[in-house]
Amino acid sequence: MPLDASRNSLVLPILGLLVEQPAHGYDITTRLRERYGHLSVTRSTVTSLLKALEKAGLVSSGPPERVGNRPPRTAYVLTAAGLADFRHKVEAGVRDTPAASVNFVMAVAYVAILPLDQAACILDGRADRLDQELAALSGLPDGDVLEVHMLEVAYWRTIVATEATWIRTLVRRICAREIGWPTQQTDQYGSAEA
């Protein structure tokens, strides 16, 4: 785990799950494993991250509660600061992460936390940046080098081009309202953002 817990790749999906509903560490661990099988998730890491997020003021905890014969569990809820941080992390993840990265996948999974127009604009900007990256890759000299020595460049061109195309299609579908979008994002305090 990074020394700065906020840089752990599990922070974004943990905050995202808490946007959906308050939860205890065991529940969060289970839901992370179910949704994101490609992530390495342990209960101890989730517990450590929840404590670090609480210390940072992004989540708060209630008193431990016992249900049946189970051990007492502490439920966590997202704070207003946590919701603002989550939105910032989603925006930055969609806008700034490298092509084909897990961080982009995690951010785009929660892009609906942003207003529709803002999400479309950020995604469109990412596609433009990927087009620039693709243009730079196209400028690499491969005519003088055997193709077998440049396979990674051809692979990366395909990956970047595919992601840019996927994003442009997503933006078109978002703007055409083909994808359902929340009309309001409401935090647990009842205030809403249009």
Side-chain angles (χ1 to χ4, degrees), residues 6-23 27-41 46 49 53 58-59 76-137 155-194:
S6 69
R7 294 178 184 251
N8 188 298
S9 62
L10 292 176
V11 168
L12 185 70
I14 287 172
L15 294 175
L17 292 176
L18 290 174
V19 165
E20 295 172 14
Q21 67 187 44
D27 180 44
I28 291 171
T29 302
T30 301
R31 289 167 53 208
L32 286 171
R33 287 177 180 158
E34 288 171 355
R35 285 195 195 178
Y36 308 111
H38 60 281
L39 296 177
S40 176
V41 180
V46 170
L49 288 172
L53 292 169
L58 303 179
V59 302
Y76 291 86
V77 63
L78 200 62
T79 64
L83 182 61
D85 186 66
F86 176 67
R87 284 187 176 120
H88 173 75
K89 284 179 180 354
V90 168
E91 181 178 340
V94 170
R95 184 187 57 236
D96 301 330
T97 55
S101 68
V102 170
N103 291 333
F104 171 71
V105 173
M106 295 284 62
V108 81
Y110 295 103
V111 74
I113 194 73
L114 303 175
L116 183 143
D117 292 340
Q118 181 184 7
C121 182
I122 293 167
L123 284 161
D124 204 35
R126 180 182 181 87
D128 289 344
R129 181 174 59 83
L130 292 173
D131 287 345
Q132 292 171 359
E133 185 176 336
L134 190 57
L137 286 170
Y155 169 79
W156 196 244
R157 283 179 186 148
T158 302
I159 295 298
V160 173
T162 301
E163 184 173 319
T165 299
W166 182 83
I167 290 171
R168 293 224 188 273
T169 301
L170 177 61
V171 169
R172 181 194 55 75
R173 293 186 64 219
I174 289 170
C175 292
R177 308 289 199 262
E178 291 177 15
I179 294 177
W181 207 267
T183 54
Q184 295 183 2
Q185 283 85 31
T186 305
D187 65 33
Q188 69 267 24
Y189 305 107
S191 62
E193 258 188 39

Minimum-distance pair of heavy atoms, taken over all atoms of Ile113 and Arg87: O-NE, 3.5 Å
Straight-line distance of Leu49 CG to Asn8 CG, nearest 0.5 Å: 4.5 Å
Pair Arg33-Leu39, side-chain contact (heavy atoms from CB on, under 4.5 Å): steps then yes or no: CA-CA 7 Å; Arg33 287 177 180 158; Leu39 296 177; over 6 Å; no
side-chain contact (heavy atoms from CB on, under 4.5 Å) evaluation trace for Val41 with Tyr36: CA-CA 9 Å; Val41 180; Tyr36 308 111; 6.0 Å; no
Closest heavy-atom pair and its distance - Lys89, Leu12: CB-CD1, 3.6 Å
Trp181 side chain reached by Val111 side chain, heavy atoms, under 4.5 Å: yes
Evaluation steps, side-chain contact (heavy atoms from CB on, under 4.5 Å), between Leu18 and Ile28: CA-CA 8 Å; Leu18 290 174; Ile28 291 171; 3.9 Å; yes
Stepwise salt bridge (charged side-chain N to carboxylate O under 4.0 Å, His left out) check, Glu20 with Arg35: CA-CA 14 Å; Glu20 295 172 14; Arg35 285 195 195 178; 2.7 Å; yes
Atom NE2 of His38 with >12 non-hydrogen neighbours under 6.0 angstrom: yes
Salt-bridge contact Glu91-Arg95 (side-chain N to carboxylate O under 4.0 Å): yes
Heavy-atom pair of closest approach, residues Leu130 and Val160: O-CG1, 3.4 Å
Polar side-chain atom of Thr165 near backbone of Ala161 as donor-acceptor pair, under 3.5 Å: yes
Non-hydrogen atoms of Ser101 and Pro98 that approach each other most closely: OG-O, 2.9 Å
Heavy-atom closest contact (Ala120 atom, Ile174 atom, distance): CB-CG2, 4.4 Å
Backbone of Ala99 reached by a side-chain donor or acceptor of Glu163 within 3.5 Å: no
Salt-bridge contact Arg168-Asp124 (side-chain N to carboxylate O under 4.0 Å): yes
Chi angles and distances behind the side-chain contact (heavy atoms from CB on, under 4.5 Å) call for Met106, Thr97: CA-CA 10 Å; Met106 295 284 62; Thr97 55; over 6 Å; no
Phe104 six-ring centre to Arg126 NZ/CZ under 6.0 Å and within 45° of normal: yes
